[in-house]
Amino acid sequence: MLVLFFLSVEVMSAQSSITKAQGEACKTAKHTKLQIESQALLNAKRQAVEFAKTYVKVQTQVTNFELEKDIIKSFSEAEVKVLSVNNKTWDDKQRCYSISIMAEIFPVLLSQGQGDLLMTNPTAPLTVKVWTDQAQYHLGQYMKIYIKGNKPFYGRLTYKDASGNLLQILPNVNRSSHHFNGSVTYQVPDIKDNFELLVEPPLGLEKLTLYASTAPLGKIEKQDIGGIYKISQSPEQVGFKTRGIRLITSNNNNKTGKANIVAEFDEAWVKTEIIKN
């Protein structure tokens, strides 16, 4: 008799922060126009890191001083990715170039133990988890997925099967709500839902991904295929477009007098596999 199982094999997470920033540089006789533009972009990236680091330092209230220090250090050593260029201009009179960007800041990953502490602290950077109700499933069983964050977040849950098909599980036609409270474990599907998740072929490695942000997520291209959505884009495109978040202007101003807002982002996933027993 052939029995198939659905086996959870890996759980991962990746935090980041998204913010707007501006950089400027002025031309001298020693520098070319291209060099000035590169310097302005570098200044914008540095400003984005400082915005994120300052935001985290103000928001985070960690009783463990060493952990707080590690969080700030992780942002100080962060990598920066430009999501979009909002504006770029040359002031020919002043011979200066300015550029405005939307940037994502990737802090150095903390240890598993430190990550677990963040999950219990609503003032720490956004941290989310996704997992399934069993380590193994017989073919024909129904899967339950659980998601949780340390603070309120907007979430998108996707599923990639072994054949490469990509589906959006949440939000869907029957469950449009995708804002979740912090420190609450949500079940997908729950008793109020009109859909179920049936475990079936193809065999092979599969992946559940939870995209989460403190700001509304960007839109992606998808189509209804009977209760859930099929995504026509690659996982990389989904990740990029999901990060096209809408930053809401804050009334609090930084030292430069310009409004500054930072959105916290986390991407958690669990890899699974249907195998023979």
Side-chain angles (χ1 to χ4, degrees), residues 6 8-21 41-42 44-45 48-49 52 74-75 77-86 99-110 115 125-132 143 145 147 149 153-172 178 180 188 197 202-225 228-247 262-274:
F6 193 83
S8 175
V9 296
E10 182 182 7
V11 179
M12 297 286 288
S13 178
Q15 293 173 317
S16 62
S17 294
I18 299 175
T19 186
K20 292 179 180 178
L41 178 58
L42 180 61
K45 289 182 177 180
V49 172
S74 72
F75 276 86
E77 301 173 356
E79 294 183 7
V80 181
K81 178 181 180 181
V82 178
L83 298 179
S84 64
V85 175
N86 302 326
I99 184 170
S100 175
I101 62 173
M102 179 85 78
E104 185 169 12
I105 299 91
F106 296 89
V108 176
L109 291 177
L110 299 174
L126 177 64
T127 307
V128 296
K129 292 174 61 177
V130 56
W131 69 99
T132 52
M143 185 199 318
I145 304 168
I147 61 177
F153 67 94
Y154 294 89
R156 169 176 289 133
L157 182 63
T158 67
Y159 173 75
K160 181 182 179 183
D161 69 19
S163 296
N165 296 311
L166 191 59
L167 305 175
Q168 178 173 295
I169 297 177
L170 280 183
N172 61 51
H178 61 288
F180 305 93
V188 184
L197 301 174
L203 303 178
L205 196 65
E206 306 190 335
K207 185 178 182 180
L208 287 160
T209 303
L210 173 63
Y211 301 94
S213 175
T214 53
L217 300 172
K219 296 180 180 180
I220 62 173
E221 296 175 12
K222 57 190 184 299
Q223 66 179 96
D224 180 12
I225 57 171
I228 60 174
Y229 295 107
K230 183 175 182 179
I231 301 171
S232 58
Q233 300 162 298
S234 69
E236 292 74 21
Q237 290 175 316
V238 172
F240 178 78
K241 290 199 171 185
T242 292
R243 285 166 168 79
I245 61 174
R246 179 166 54 88
L247 294 180
V262 175
E264 302 168 51
F265 188 88
D266 196 15
E267 182 178 320
W269 61 92
V270 55
K271 287 186 177 179
T272 57
E273 187 178 16
I274 299 176

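Heavy atoms only: backbone and side chains are in, while hydrogens, waters and symmetry mates are out.
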Item to check | For Leu210 against Lys129, the heavy-atom pair lying closest together | outcome: CD2-O, 3.8 Å
Checklist entry - Got Lys222 and Ser232 here, is their nearest side-chain heavy-atom distance under 4.5 Å? => result no
Checklist entry - Between OH of Tyr159 and NZ of Lys207, what distance do you get to the nearest 0.5 Å? => result 13.5 Å
Checklist entry - Of all residues at least two apart in sequence or in a different chain, which pass the side chain to side chain contact (heavy atoms under 4.5 Å, CB included) check with Thr158? => result Arg156, Leu166, Thr209, Tyr211, Ile231
Checklist entry - Checking Ser234 side chain against Gln237 main chain: does a donor-acceptor pair fall under 3.5 Å? => result yes
Checklist entry - Between Gln168 and Pro171, is there a donor-acceptor pair closer than 3.5 Å when you use the side chain of the first and the backbone of the second? => result yes
Checklist entry - Do Met102 and Val82 come within less than 4.5 Å of each other through their side chains, counting heavy atoms only? => result no
Checklist entry - Val128 versus Ile147: any side-chain heavy-atom pair under 4.5 Å? => result no
Next on the checklist: For Phe153, give me all partners under ring pair (Phe, Tyr, Trp, His ring centres under 6.0 Å), at least two apart in sequence or on another chain.
Outcome noted: Phe180
Checklist entry - By side chain to side chain donor-acceptor pair (under 3.5 Å), which residues pair with Ser84, not counting sequence neighbours? => result Asn86
Checklist entry - When rounded to the nearest 0.5 angstrom, what distance separates CD1 in Ile225 from CG in Leu167? => result 5.0 Å
Next on the checklist: For Leu126, is there any backbone N or O sitting under 3.5 Å from a side-chain donor or acceptor partner on Glu264?
Outcome noted: yes
Item to check | Student check: side-chain heavy atoms of Ile228 and Leu170 closer than 4.5 Å | outcome: no
Item to check | Counterpart residues, side chain to side chain contact (heavy atoms under 4.5 Å, CB included), relative to Asn165 (two or more places apart) | outcome: Asp161, Ser163, Lys230
Checklist entry - Can you name the nearest heavy-atom pair linking Lys45 to Ile101, along with the distance? => result N-CD1, 4.2 Å
Next on the checklist: Test of understanding: with side chain to side chain contact (heavy atoms under 4.5 Å, CB included), list the residues that count as partners of Ala48, not counting sequence neighbours.
Outcome noted: Thr19, Ala21, Ala103, Ile105
Next on the checklist: Nearest 0.5 angstrom please: Thr242 OG1 to Gln233 CD, how far?
Outcome noted: 8.5 Å
Next on the checklist: Would you say that Val85 contacts Ile99 through its side chain, given a criterion of any heavy-atom pair below 4.5 Å between the two side chains?
Outcome noted: yes
Checklist entry - Which pairs with one or both residues in residues 232-245 pass salt bridge (Lys or Arg N to Asp or Glu O under 4.0 Å), sequence neighbours excluded? => result Glu104-Arg243, Glu221-Lys241, Arg243-Glu267
Item to check | Inter-residue atom distance Leu208.CG - Lys160.NZ, 0.5 Å rounding | outcome: 12.5 Å
Checklist entry - Do you know the tightest heavy-atom contact between Ser16 and Phe106? => result CB-CD2, 3.9 Å
Item to check | Asp266 side chain to Ala212 backbone, donor-acceptor under 3.5 Å | outcome: no
